[in-house]
> 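Questions regarding the structure given below will be posed in turn.
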Amino acid sequence: MESLMLRINRNRLLETIKVSSSIGATKNGGLNRLALTKEDQAMRNKYVTWLRQEDLQVRYDDFGNIYGRREGKIHDGPAVAVGSHLDTQPCGGRFDGVLGVLTALEVIRVLNEHNIETDYPIEIINFTNEEGARFEPPMLGSGGLTESLAKEFIYNIKDDDNVSFEKALIDSGYLGIEKNRIKNIKNFIELHIEQGPILDNQNKSIGIVQGIQGMSWLNVSVTGETNHAGPTPMSNRRDALVPSSKMITKVNELTKEMEGLKTTIGKLHVKPNVTNVIPGEVEFMIDIRHEDDEIRSYAIERLKEQLSTIALMNNVEVTITTDWHSDAVRFSSTVTEAINEAAQKWGYSSLKLFSGPGHDAKYMTRLANSGMIFLPSIHGISHNEQELTLGDDIEKGANTLLYVIQKLANTV
């Protein structure tokens, strides 16, 4: 068991993170590395160099996912896969996703330094476009790999400049071939920052993630009548914005009735968006999440009924469609128990919790027994340049990951 208690090289890992933080750096200390942009390409190039320096077998698949394979004693055995993503939000932090890839690299470095050969191969993965900031929806690389999303659908998605995913992939130089997709997987493990305040609030170092909440994106379109703000009496108006505001309030009220339900309205369009013109159209998106799919589905039906009633009472029309949804998943007890064992062996405080955001591990459950390790996000800040995970917590997370990978890669 002594070999399982190998320790990562903290200084080397933090220096690797520092290099990453310089590629696509923003003025306020964050990162802007949208998927398949020049900044992402530069980070990928650096990452591939690091993989080759560790004598890993490097390949890319048809979604641009990057793999680094370290062989095991059982050459044709299923691999233990580990990884996350290197792309970021436009004003993102230095740790979201990045830690999962770079701590995996550090694990390989430690194993190589100590000449440790695992029974099963290990593959570290950088998934393409996890964030969905450039190409929506998110998690396209893992979604394509697991065939949760159709290849044709992914390739034809366009960004705000009308550039398709396929075109961007070709231009980046990371268009690989389908046969390079990872297929034979024993386990998948992803380390990630929590992106919430629970671990930080409770002063816990390691989050043992039990699963990922299901989520839906509802598009709500409210149609009234555009008219002049001056001569139109209040009683004659079909203002689309006023009932929309009531709908948004109703969405928030529902979260107070249903425990664990999370709703967010972060996208709103008003037409014609002119000061002296009565709004004739309003469109907004509802992000709705819960760890129980039945409760989430019930909440969606409740919202549809309530928003339709508001529209009727205000003489406007409403159309509600589901633009995207992803069911909840539960992670493998084999992986969660390994994480718990690692935390106990190291003496790290830990907490079992569910993930609010979606992650690549969600799709990877379709290919292998999977799990996640969460690290604290100071004040729960993420998707923000001020995002911060402390060096002590990074070290603890990497040590935990190292233990878990060794255990999984040497267990029948």
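Computed from a prediction, not measured in an experiment: that's the story for all the values here. Counting begins at 1 with the first residue of the sequence.
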> Is there any salt bridge (Lys or Arg N to Asp or Glu O under 4.0 Å) pair reaching into residues 40-51, and which pairs are they, with sequence neighbours excluded?
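Counting only pairs at least two positions apart or across chains, the salt bridge (Lys or Arg N to Asp or Glu O under 4.0 Å) contacts touching residues 40-51 are Asp40-Arg44.
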
> Please say whether the positively charged group of Arg7, taken as NZ for Lys or CZ for Arg, lies over the ring of Trp346, i.e. under 6.0 angstrom from the six-membered ring centre and within 45 degrees of the axis.
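Arg7 over Trp346 ring: no.
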
> Whether the Ser377 and Glu194 side chains hold a donor-acceptor pair (N or O, under 3.5 Å, no angle test) is what I'd like checked.
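Judged by distance alone, the side chains do not pair up.
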
> Which pairs pass side-chain hydrogen bond (donor to acceptor under 3.5 Å, both in side chains) with one or both residues in residues 250-260, sequence neighbours excluded?
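Listed by first then second residue: Lys250-Glu253, Glu257-Arg302.
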
> Under 3.5 Å, side chain of Asp200 to main-chain N/O of His379, donor-acceptor pair present?
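Confirmed, Asp200 side chain pairs with His379 backbone.
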
> Would you say the side chains of Thr365 and Arg330 form a donor-acceptor pair under 3.5 Å?
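No.
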
> Partners of Thr146 by side chain to side chain donor-acceptor pair (under 3.5 Å), sequence neighbours excluded?
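With sequence neighbours excluded, Thr146 shows a side chain to side chain donor-acceptor pair (under 3.5 Å) to Ser148, given in chain and number order.
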
> List in chain and number order the residues that pass ring pair (Phe, Tyr, Trp, His ring centres under 6.0 Å) with His85, two or more places apart in sequence or in another chain; answer none if no residue qualifies.
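Only His192 meet the ring pair (Phe, Tyr, Trp, His ring centres under 6.0 Å) criterion with His85.
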
> Testing the 3.5 Å rule here: is there a donor-acceptor pair between the side chains of Glu291 and Gln213?
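The criterion, which ignores hydrogens and geometry beyond distance, is not satisfied for Gln213 and Glu291.
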
> Please, which pairs that meet ring-ring contact (aromatic ring centres under 6.0 Å, His included) have at least one residue in residues 280-339, sequence neighbours excluded?
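Applying ring-ring contact (aromatic ring centres under 6.0 Å, His included) to every pair that reaches into residues 280-339, excluding sequence neighbours, yields Trp217-Trp324.
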
> Taking only Lys NZ, Arg NE, NH1 and NH2, and the carboxylate oxygens of Asp or Glu, determine whether Glu123 and Lys186 approach each other closer than 4.0 Å.
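So Glu123 does not pair with Lys186 through a salt bridge.
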
> Is the closest side-chain heavy-atom distance between Ile286 and Thr264 below 4.5 Å?
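Side-chain contact under 4.5 Å: no.
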
> Does the side chain of Glu39 come under 3.5 Å of the side chain of Thr37 through a donor N or O and an acceptor N or O?
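Yes, because at least one side-chain N or O of Glu39 sits under 3.5 Å from a partner of the opposite role on Thr37.
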
> Verify whether one side chain among Asp61 and Tyr67 offers a donor that lies under 3.5 Å from an acceptor in the other.
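Checked: Asp61/Tyr67 side chains pair up, N/O donor to acceptor below 3.5 Å.
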
> Can you tell me if Asn201 uses its side chain to pair, donor with acceptor, with the backbone of Pro197 under 3.5 Å?
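At least one qualifying donor-acceptor pair exists.
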
> Quick one: does Glu387's side chain have a donor or acceptor within less than 3.5 Å of a partner on Asp96's backbone?
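Side chain of Glu387 to backbone of Asp96: a pair is present.
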
> Would you check if there is a donor-acceptor pair between the side chains of Glu283 and Asn219 at a distance under 3.5 Å?
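The answer is yes; a qualifying pair exists.
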
> Could you list the residues that satisfy ring pair (Phe, Tyr, Trp, His ring centres under 6.0 Å) with Phe354, not counting sequence neighbours?
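Phe354 satisfies ring pair (Phe, Tyr, Trp, His ring centres under 6.0 Å) with no residue once adjacent residues are dropped.
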
> Less than 3.5 Å apart, any donor N or O on the side chain of Tyr403 or Glu341 sitting next to an acceptor on the other?
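Yes, because at least one side-chain N or O of Tyr403 sits under 3.5 Å from a partner of the opposite role on Glu341.
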
> Between Thr223 and Glu317, do the side chains contain an N or O donor and an N or O acceptor separated by less than 3.5 Å?
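No.
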
> Please check this pair: side chain of Arg296 against backbone of Ile288, looking for a donor-acceptor N/O pair closer than 3.5 Å.
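Side chain of Arg296 to backbone of Ile288, a donor-acceptor pair under 3.5 Å: no, none is there.
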
> Any side-chain to backbone donor/acceptor pair from Arg109 onto Asn9? Under 3.5 Å, distance only.
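Judged by distance alone, no pair lies under 3.5 Å.
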
> Decide if the gap between the ring center of Phe374 and the ring center of His359 is smaller than 6.0 angstrom.
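Distance test on ring centres: under 6.0 Å, yes.
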
